[in-house]
Number of protein chains: 2
Amino acid sequence: MISTRTSQPDVIAALEDAGLRITGQRRQVVAAIERRDGGFSAEDIAGELEGVGRATVYRTLKLLVKADVLCKLALPDGTPMYSPSRLEHHHHSVCTSCGAVEEFRDTTVERFLRSLTREIEGEIVGHRMEVFIRCLSCLGSSSS
Amino acid sequence: MISTRTSQPDVIAALEDAGLRITGQRRQVVAAIERRDGGFSAEDIAGELEGVGRATVYRTLKLLVKADVLCKLALPDGTPMYSPSRLEHHHHSVCTSCGAVEEFRDTTVERFLRSLTREIEGEIVGHRMEVFIRCLSCLGSSSS
DNA sequence: CTGATAGTTGATACTTACTATCAATAACTT
DNA sequence: AAGTTATTGATAGTAAGTATCAACTATCAG
Ligand SMILES: [Zn+2]
Ligand SMILES: [Zn+2]
Ligand SMILES: [Zn+2]
Ligand SMILES: [Zn+2]
C-alpha cells in the first residue's frame, strides 16, 4: 500500500539530478546507510567507512537529508540521530532504549497543521514531530 | 483563559520543593530567563551573567527544564533553543528568521497520540512537536 | 581521448553545546 | 555556631559538526 523508495540507483540518480557529482565516497555513504535500518549517528558511518573522510561523511549526510532520502531526528535530549527515509512525508517513533525507528504517516497531524494556519500569525514553513516509545522488545527485556 | 505561571517566587519555590538549594547563582539564572521572552541559547545567559560560571548556567537550565518552567526546543537544523514556559502542556511555533517563540495548546495532537497508542507497538513515553514559521514582522521586513 | 573547468575531498583546526572532575565554597540543619 | 552536604567554577574533555584550502577528480567541450 505504502510505496517504498530509495533503492540505491534511485538515490544516486536523485543526486545526479540535483547537479551533483557521483563520487566513490558518495556511493559508499549511500551504500552504508542503505545497509542500516534503525537509527545511527554520523560517527557510526564515519567509523564504518575508513576510506572516507569525516568531513565528507557529514557533507554527504547533509545532502541526503536535503534530498529526502535520509531523516535527521533527535532523541529527547537533542542528540541527533539519522534514519533512512522510506515513506513520502512521515513522522517517527523512536525507542529511547534501543534506538529502533519506525516511520508512520498520519493525516491527523497534517489536518492539525492546516487548522493551525488560521490560528497562527505568520506563515508555516515546516514542522517536526517525534513520538518517543519503549518498543516491545525493550519492554520485555527490562525487569521493572 | 489560559493561566500563566512562573513568576519568579513560584519558580524558586518549585526548586525548593524539589529539595534543591536556593543559591544566588540559581536566582540569577531564573531572573535572567524571566527577563527574556523569545528564544535564547545557554550561551546568551552565560554571557549575560558574568558572575555565574558556565557550568552552573548549563546545570541550572537543565534543572529548570526538568521543573517545566523552561522549554528546550530545536531549530530545524537541530540547534538547541530555550524558551520560558508559561502554559501547562503545550507545543511551540518558532520563527526561523528571528527566533520568536509562541506557545500553543491544542487537543488535536493529544488526541492523535491517544489514537497512536492503538497503532504503535510499545509504550509511548513522550513526544516532541515544533511548528516552524516566518512571523508577521519577518514576513513584512523581507523584500522577497 | 585529451585538457580544461569546476565540483569534491580530507587533514587540520575551529566552533558550539555541553559534561566530568574535584577542590573550594556556601546553604540548610540542629 | 558548627557540621554536613549540596553546589560552584576552573579546567579539561566529548559530541557533533563546520571552515579552510591545497590537492584531486568527475564531467564536459573539443
Ligand atoms: Zn524518516
Ligand atoms: Zn527498543
Ligand atoms: Zn514552552
Ligand atoms: Zn520572525
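Proteins come first, then strands; the chains are lettered A, B, ... in the order of their sequence lines, and each starts at number 1.
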V109(A), I124(A): one ILVMFWY side-chain cluster at the under-4.5 Å cut-off? yes
Nearest to the side chain of A55(B), heavy atoms from C-beta on, is which of dG9(D), dT7(D), dG10(C)? dG9(D)
When you measure from the side chain of E43(B), which nucleotide among dT8(D), dA10(D), dA17(C) comes out closest? dA17(C)
Assign G51(A) to base, sugar-phosphate, or nothing according to its heavy-atom contacts below 4.0 angstrom with the strands shown. sugar-phosphate
Between dT8(C) (P) and L64(A) (CG): distance, integer Å: 13 Å
Taking atom types as they are modelled, would you say the side chain of R54(A) forms a donor-acceptor pair with the base of dG17(D) within the 3.5 Å cutoff? yes
Would you indicate what T79(B) reaches in the nucleic acid, counting non-hydrogen atoms under 4.0 angstrom: base, sugar-phosphate, or nothing? sugar-phosphate
With DNA chain C as reference, determine whether T56(A) or G24(B) sits nearer its 5' end, using the nearest nucleotide of each. T56(A)
What's the closest nucleotide to the Y58(B) side chain, out of dG17(D), dT8(C), dT19(C)? dT19(C)
Choosing from dG10(C), dA17(C), dG9(D), which nucleotide comes nearest the side chain of V52(B)? dG9(D)
Whole-Å distance, Q28(B) CD to dT8(D) P, equals 11 Å
Please evaluate the base of dG7(C) for a donor-acceptor partner in the side chain of R59(A) within a cut-off of under 3.5 Å? no
List in chain and number order the residues that pass side-chain hydrogen bond (donor to acceptor under 3.5 Å, both in side chains) with T96(A), two or more places apart in sequence or in another chain; answer none if no residue qualifies. none
Closest to side chain of P80(A), choosing from dT19(C), dA16(D), dT7(D): dA16(D)
Between H127(B) and H91(B), what is the ring plane arrangement, given parallel below 30°, perpendicular above 60°, and tilted in between? tilted
When we call it a touch if two heavy atoms are under 4.0 Å apart, what does R26(B) touch: a base, just sugar-phosphate, or nothing? sugar-phosphate
Assess whether side chain to side chain donor-acceptor pair (under 3.5 Å) is satisfied between S97(A) and R134(A), documenting all intermediate values. CA-CA 6 Å; S97(A) 295; R134(A) 273 175 64 83; 2.6 Å; yes
Base, sugar-phosphate, or nothing: which does G19(B) touch, judged by heavy atoms less than 4.0 Å apart? nothing
Nearest-nucleotide 5' precedence on DNA chain C, T23(A) against Y82(B): T23(A)
Considering only side-chain heavy atoms of R21(B), which listed nucleotide, dG17(D), dA6(D), dA17(C), is closest? dA6(D)
Write down the distance between CD1 (I22(A)) and P (dT8(C)), rounded to a whole number of angstrom. 9 Å
Inspect the contact between E48(A) and R35(A) and indicate whether a charged nitrogen and a carboxylate oxygen are less than 4.0 angstrom apart. yes
